[in-house]
Amino acid sequence: MTAPETYDQAEREVAALIDGLDDPIAAMASCASVLHERLPQASWTGFYRVVAPRLLRVGPYQGPPACLEIAFERGVCGTVASGGEPLVVPDVHAFEGHVVCDPQSRSEIVVPVFDPAGSLVAVLDIDSHQPSAFDDSDRAGLERITALLTPCFAS
Ligand code: SME
């Protein structure tokens, strides 16, 4: 549940930071930093990258150390990676197969990131210690912001 103005501002900041950038790691790092600074409910903000067929590995993030690798279909991140659609999870304990990186985590949102050809290259994961910390307006805001990253993944 984040005010739309927060995403307007975050979108402007990310756009300015990554303008013309052809380095996806620098783009993801900048994006994770902006979002973690802007979203007070976020306990962990970062990316898992597709590094092999059906395998995610942690990328740039802010917050405590997290699981290094997640297979497609495992947990929230793996479910989004295999389905290609964002997921808002108001209660992680109710999500079958949730991957526990931080036992204090209560809710999360995961949004896919695509390259210019439309292939999945990463997922953006934001976790919170608060229950129901994200809703559909967060999904919409984060989809706008992840779309800004797409050109940075041009090879
Ligand atoms: N909870 C996630 C795993 C990633 S971490 O929380 C940083 C999941 O179930 O995919």
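Everything numeric in this text was worked out from a predicted model, so none of it was measured. We count ligands from 1, going down the list as the structure has it; atoms in each ligand are counted the same way.
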Item checked: Exam field: side chain S33 to backbone A29, donor-acceptor pair closer than 3.5 Å -> no

Checklist line | Short N-O contact, D8 and R144, less than 4.0 angstrom | finding: yes

Next item on the list: Decide whether the shortest distance between a heavy atom of Y48 and an atom of ligand 1 is less than 4.0 Å.
Entry: yes

Notebook entry, point to check: Under 3.5 Å, side chain of S128 to main-chain N/O of S107, donor-acceptor pair present?
Noted result: no

Margin query: Do S43 and Q104 have side chains that approach each other closer than 4.5 Å (heavy atoms only, starting at C-beta)?
Written below: no

Check: Which atoms of ligand 1 have any heavy atom of W44 under 4.0 Å away?
Finding: 7 (C)

Notebook entry, point to check: Quick one: which ligand 1 atoms are inside 4.0 Å of a heavy atom on I70?
Noted result: 3 (C), 4 (C)

Notebook entry, point to check: Is V50 close to L56 at the side-chain level, that is, under 4.5 Å between some pair of heavy atoms?
Noted result: yes

Check: When you measure from atom 3 (C) of ligand 1 to every protein heavy atom, which one gives the shortest distance, and what is it?
Finding: V99 O, 3.5 Å

Item checked: Close N or O approach (D127, ligand 1; < 3.5 Å) -> yes

Check: Considering only protein heavy atoms, which is closest to atom 8 (C) of ligand 1, and at what distance to one decimal place?
Finding: V76 N, 3.3 Å

Notebook entry, point to check: Mind checking whether L124 and V80 sit in one hydrophobic cluster, side chains of I, L, V, M, F, W, Y counted as touching below 4.5 Å?
Noted result: no

Item checked: Protein heavy atom at shortest distance from atom 10 (O) of ligand 1 -> C77 N, 2.7 Å

Notebook entry, point to check: Just distances here: any N/O of E108 and N/O of ligand 1 closer than 3.5 Å?
Noted result: yes

Notebook entry, point to check: How does Y61 reach ligand 1, by side chain, by backbone, by both or by neither, if only non-hydrogen atoms under 4.0 Å count?
Noted result: neither

Check: What atoms of ligand 1 come closer than 4.0 angstrom to any heavy atom of A66?
Finding: 7 (C)

Next item on the list: Classify the side-chain pair D138/T2 by whether it contains a donor and acceptor separated by less than 3.5 Å.
Entry: yes

Notebook entry, point to check: Please state which protein non-hydrogen atom is closest to atom 5 (S) of ligand 1 and give its distance, to 0.1 Å?
Noted result: C101 SG, 3.1 Å

Next item on the list: Return the set of residues passing side chain to side chain donor-acceptor pair (under 3.5 Å) with E85 (not counting sequence neighbours), or none when no residue passes.
Entry: none

Margin query: Can you pull out every ring-ring contact (aromatic ring centres under 6.0 Å, His included) where at least one residue sits in residues 35-71? Sequence neighbours excluded, please.
Written below: W44-Y48, W44-Y61

Checklist line | Structural part of V110 in contact with ligand 1, heavy atom criterion under 4.0 angstrom | finding: neither

Item checked: Sub-3.5 Å N/O-N/O distance, H98 and ligand 1 -> yes

Checklist line | ligand 1 contact on D125 by region, counting heavy-atom pairs under 4.0 Å | finding: side chain

